[in-house]
Number of protein chains: 2
Amino acid sequence: MSKRGRARGKVRLDAGSRSENNYLVKIGASTGRGIRSPDTERLRRDLHTYMAKRGLRSTEQRRLIIDTFFDAGEHITIEGLLKQVRAVDSRVGYATVYRTMKLLTESGVVQEHKFGDGFTRYELADDESHHDHLICLECGKITEFEEPLIEELQDRVANRYGFQVKQHKHELYGVCADCQKRQSSKRKSR
Amino acid sequence: MSKRGRARGKVRLDAGSRSENNYLVKIGASTGRGIRSPDTERLRRDLHTYMAKRGLRSTEQRRLIIDTFFDAGEHITIEGLLKQVRAVDSRVGYATVYRTMKLLTESGVVQEHKFGDGFTRYELADDESHHDHLICLECGKITEFEEPLIEELQDRVANRYGFQVKQHKHELYGVCADCQKRQSSKRKSR
DNA sequence: ATTATTGCAAATATTTTGCAATAAC
DNA sequence: GTTATTGCAAAATATTTGCAATAAT
């Protein structure tokens with residue numbers, strides 16, 4: 001009865017013990033050009049404004065967590081983030097990471113994703129150009145895609161029902177090209 | 001520190017204590033006709049075949065849970081289902097409901113949905129015509145919609161990346177027409 | 001007679017929280 | 001000096017599981 005041995009309230013977050021793949025591929029719409037990365041300068045400003053407005057404080061831990069997150073690849077998990085943070089300051093508690101990511105989420109600077117592997121993943125918000133995800137069920141690779149026509153049709157659907165969309169989730173789950181190749185070659189060799 | 005008072009390993013599942021709305025609206029694509037309900041006869045046959053093939057047994061509890069589920073509205077939760085089941089036979093344990101819904105999911109007869117309120121919801125699978133969801137963040141109403149053009153574009157995106165789609169999730173979160181009305185009238189009366 | 005299933009309680013596992021100590025303002 | 005923040009352990013909470021008893025085959 002244990003996929004990972006973890007005592008309650010003891011060690012917690014032995015980061016990396018579960019296969020927590022975190023590939024990332026970014027490909028833009030029909031053209032194939034890369035998806036533009038979010039404007040981190042603006043996001044940092046937004047966050048600063050948000051915090052100032054409610055008297056929230058800039059602590060050493062927050063700065064470390066936020067900087068680490070901004071530098072880290074996207075779709076990072078709490079575990080992955082804490083691991084990186086603790087490489088710099090081992091005394092940071094995981095509650096602080098949770099609380100900081102919650103703050104970032106509430107400020108609108110990051111977006112939470114639950115892709116169904118049990119880990120909440122975080123990525124920088126990007127208001128300008130929305131992207132969605134292809135998630136490989138074999139290797140966990142997450143590929144981003146943009147398709148403005150889908151967004152448009154989606155808006156039209158919402159309109160039809162007088163529905164005001166605040167956010168959306170469009171995720172395709174399946175097998176990526178690499179894993180298909182891997183599978184077929186394995187089949188051949190048997 | 002308690003949204004709902006629940007002792008560990010004690011009473012569990014005091015169904016109905018959290019606001020667990022479960023409205024349902026079905027509206028078809030551009031035409032506005034209703035979305036066809038799934039072919040329950042076929043699904044029951046599929047399930048029977050699936051169970052027979054692996055020597056799984058038809059017990060009183062399973063029959064009760066399955067019948068109750070087939071009769072119940074869609075997007076039902078474990079809590080809601082157990083509540084209805086216990087109205088007939090109060091001795092049914094929640095582990096049995098979990099296990100039965102897992103069986104149904106694995107057989108491909110039902111689909112799990114996690115709309116983000118912490119409850120897993122279940123609905124009958126419908127291979128013929130896929131539908132997606134509008135989820136109201138205010139009242140929890142779930143509206144189904146069909147948009148074949150989105151499905152087509154989606155397939156095209158997957159193709160572009162050589163990605164083999166097994167399932168997908170397309171959910172729009174926001175405020176439904178009713179709640180928008182309610183909000184604006186409240187604003188007026190103040 | 002064999003073995004799948006049930007029901008219970010306990011275990012899991014992610015996230016949240018109470019609280020005393022600390023640090024930012 | 002006030003009050004937000006931290007870190008810890010414990011709580012919360014949906015789901016899963018070990019196990020002995022029971023029931024379906």
Side-chain angles (χ1 to χ4, degrees), chain A residues 1-15 17-18 20 51-66 77-82 85-86 89-103 105-106 112-122, chain B residues 1-15 17-18 20 51-66 77-82 85-86 89-103 105-106 112-122:
Chain A
M1 192 196 260
S2 66
K3 277 184 195 163
R4 64 181 357 181
R6 214 184 239 186
R8 260 198 105 219
K10 275 292 180 68
V11 187
R12 297 300 302 271
L13 290 178
D14 39 322
S17 59
R18 196 193 277 187
E20 196 202 316
M51 291 179 71
K53 202 170 287 179
R54 27 203 103 197
L56 302 179
R57 293 168 184 178
S58 172
T59 67
E60 209 177 310
Q61 289 93 327
R62 275 188 187 160
R63 283 191 297 272
L64 172 58
I65 293 166
I66 292 167
T77 62
I78 294 285
E79 274 197 41
L81 186 53
L82 182 62
V85 164
R86 282 200 171 154
D89 181 349
S90 61
R91 294 161 311 171
V92 175
Y94 60 87
T96 305
V97 179
Y98 272 110
R99 285 190 274 229
T100 303
M101 293 317 287
K102 185 168 220 182
L103 162 64
T105 304
E106 280 164 1
E112 283 186 351
H113 284 290
K114 302 197 183 202
F115 291 133
D117 61 355
F119 298 101
T120 299
R121 291 169 186 278
Y122 300 86
Chain B
M1 192 197 257
S2 65
K3 277 185 196 163
R4 68 187 344 187
R6 215 184 237 185
R8 257 196 106 217
K10 275 292 180 68
V11 186
R12 297 298 302 270
L13 290 176
D14 40 320
S17 59
R18 197 193 277 188
E20 196 203 317
M51 292 178 72
K53 203 171 284 178
R54 28 203 102 197
L56 302 179
R57 293 169 184 178
S58 172
T59 67
E60 210 177 309
Q61 290 93 327
R62 274 187 188 162
R63 284 191 297 272
L64 173 58
I65 293 166
I66 292 167
T77 62
I78 295 286
E79 273 197 42
L81 187 52
L82 183 62
V85 164
R86 283 200 171 154
D89 181 349
S90 60
R91 293 160 313 170
V92 175
Y94 59 86
T96 304
V97 179
Y98 272 110
R99 286 190 275 230
T100 302
M101 294 317 287
K102 186 168 218 180
L103 163 64
T105 303
E106 281 165 359
E112 284 185 352
H113 285 290
K114 302 194 183 205
F115 290 134
D117 61 355
F119 297 101
T120 299
R121 291 171 184 276
Y122 300 87

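Bear in mind that the values here come from a model prediction, so they are computed numbers and not experimental data. Throughout, protein chains are lettered first and strands after them, A, B, ... in sequence-line order, and every chain is numbered starting at 1.
- The shortest side-chain heavy-atom distance between B:Leu81 and B:Tyr122 does not fall under the 4.5 Å cut-off.
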I would like to know whether B:Phe119 and B:Ile78 meet side-chain contact (heavy atoms from CB on, under 4.5 Å); could you show each step before the answer? CA-CA 8 Å; B:Phe119 297 101; B:Ile78 295 286; over 6 Å; no
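- Looking only at side-chain heavy atoms (C-beta outward), B:Gln61 and B:Val97 stay at 4.5 Å or farther from each other.
- Whole-Å rounding puts the B:Glu106 CD to D:dT15 C1' distance at 14 Å.
- Although no hydrogens or angles enter the test, the distance criterion places no donor-acceptor pair under 3.5 Å between the side chain of B:Arg86 and the main chain of B:Arg91.
- With C:dT15, C:dT16, D:dT17 as the candidates, the nucleotide lying closest to the side chain of B:Lys102 is D:dT17.
- In this structure, B:Thr100 contributes its side chain and B:Thr96 its backbone to a donor-acceptor pair below 3.5 Å.
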Assign a letter to each nucleotide of nucleotides 2-7 of chain C from its 5' end: B, base within under 4.0 Å of a protein heavy atom; S, sugar-phosphate only; -, no contact. -BBSBB
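- Atom CZ in A:Arg63 sits about 13 Å away from atom C1' in C:dC25, given to the nearest Å.
- Counting to the nearest Å, the P atom of D:dT16 and the CD1 atom of B:Ile78 are 8 Å from each other.
- Side-chain atoms of B:Arg63 come within 3.5 Å of backbone atoms of B:Ser58 as a donor-acceptor pair (strictly under, hydrogens ignored).
- Axis deviation across the helix from C:dA1-D:dT25 to C:dC25-D:dG1 amounts to 30°, comparing end segments of five pairs, rounded to 10 degrees.
- Between A:Leu56 and A:Arg62, the closest side-chain pair of non-hydrogen atoms falls below 4.5 Å.
- Residue B:Tyr98 has a polar side-chain atom (N or O) positioned under 4.0 Å from OP1 or OP2 of D:dT15.
- Between B:Arg57 and B:Met51 the shortest heavy-atom distance is O-CE, 3.4 Å.
- In this structure, the CG atom of A:Leu64 is 17 Å from the C1' atom of C:dA24, given to the nearest Å.
- With rounding to whole Å, B:Arg86 atom CZ is found 11 Å from C:dC8 atom C1'.
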